[in-house]
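Everything on this sheet refers to the single structure shown next.
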Amino acid sequence: MTDPVLLQAAADLFPNGIARYAVGGLFVGLGAAVIYLGTGISAGASTFLESTLSYVSGRARFQRYVRSRDWRLVFTLGIVLGAGVYAVAFQGGAWLTDVQPWRLLVGGVFVGIGTRVGKGCTSGHGVCGVGSASKTSIAGVITFILVAILTAQLVAALGVSP
């Protein structure tokens with residue numbers, strides 16, 4: 001029997017309910033499975049920029065993605081459009097944030113650097129890597145989570161707010 005206090009503590013982590021996260025997770029898992037079954041490649045969004053640059057650049061670095069760039073483009077656009085459709089259909093409009101644009105840009109740059117250093121992102125390591133019991137991906141996801149927690153605590157201690 002599950003402790004009701006633990007259930008309430010878990011429910012408090014999702015103030016908007018857990019259904020949206022469960023449905024989103026199911027779609028992410030389904031997408032990753034379809035991509036793997038169709039291509040034999042583990043899905044991940046962090047190679048989107050490099051693979052997309054292969055359309056306009058002849059540099060060897062980008063050409064290694066030519067064979068997979070189409071599905072990578074569709075995969076990434078699906079992530080963005082899926083979130084947009086969900087927001088419009090179920091939340092009554094686009095999702096907005098109070099975070100200043102320059103902070104989003106700086107955060108995006110750090111995430112981009114981190115995905116290159118970690119040779120993948122949370123979607124690749126977190127969904128496909130952990131799902132396939134890759135020790136590298138499990139270590140990567142644990143590192144992502146610990147760094148995110150430490151960064152959030154540091155930023156909060158510095159008094160930074162949106």
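Linking Ile, Leu, Val, Met, Phe, Trp and Tyr residues whenever their side-chain heavy atoms come within less than 4.5 Å places I79 and I41 in a single cluster. Linking ILVMFWY side-chain heavy atoms closer than 4.5 Å, directly or via other members, places L13 and Y21 in a single hydrophobic cluster. Under a hydrophobic clustering in which Ile, Leu, Val, Met, Phe, Trp and Tyr are joined whenever their side-chain heavy atoms come within less than 4.5 Å, directly or via other members, L53 and Y55 fall into the same cluster. Under a hydrophobic clustering in which Ile, Leu, Val, Met, Phe, Trp and Tyr are joined whenever their side-chain heavy atoms come within less than 4.5 Å, directly or via other members, V117 and V141 fall into different clusters. No chain of hydrophobic side-chain contacts below 4.5 Å, direct or via other Ile, Leu, Val, Met, Phe, Trp or Tyr residues, connects V80 to V23.
S54 OG to R59 CZ: the interatomic distance, rounded to the nearest 0.5 Å, is 13.5 Å. With rounding to the nearest 0.5 angstrom, the OG1 atom of T52 is 9.5 Å from the CG atom of D70. Considering CD1 of I35 and CZ of F75, their distance stands at 4.5 Å, rounded to 0.5 Å. For the atom pair L150 CG and I145 CD1, the distance stands at 12.0 Å (nearest 0.5 Å).
Ring pair F90/Y86 is tilted by interplanar angle, where 30° to 60° counts as tilted.
Side-chain contact between L158 and Q153 is absent, with no heavy atoms from C-beta onward closer than 4.5 Å. The shortest distance between side-chain heavy atoms of R103 and V160 falls below 4.5 Å.
By the 6.0 Å contact criterion, CZ on F110 is open, its count of non-hydrogen atoms from other residues, nucleotides or ligands being 12 or less. In R116, the CZ atom is crowded: over 12 heavy atoms of neighbouring residues, nucleotides or ligands sit closer than 6.0 Å.
Between R72 and E50 there is no salt bridge, since no side-chain N of the basic residue sits under 4.0 Å from a carboxylate O of the acidic one.
Of all the heavy atoms in T97 and L104, the pair that sits closest is CG2-CD1, 4.1 Å. Heavy-atom minimum distance, H125 versus S137: ND1-OG, 2.8 Å. Residues S57 and F62 come closest through the heavy atom pair OG-CD1, 3.4 Å.
Side chain of S132 to backbone of G129: a donor-acceptor contact under 3.5 angstrom is found.
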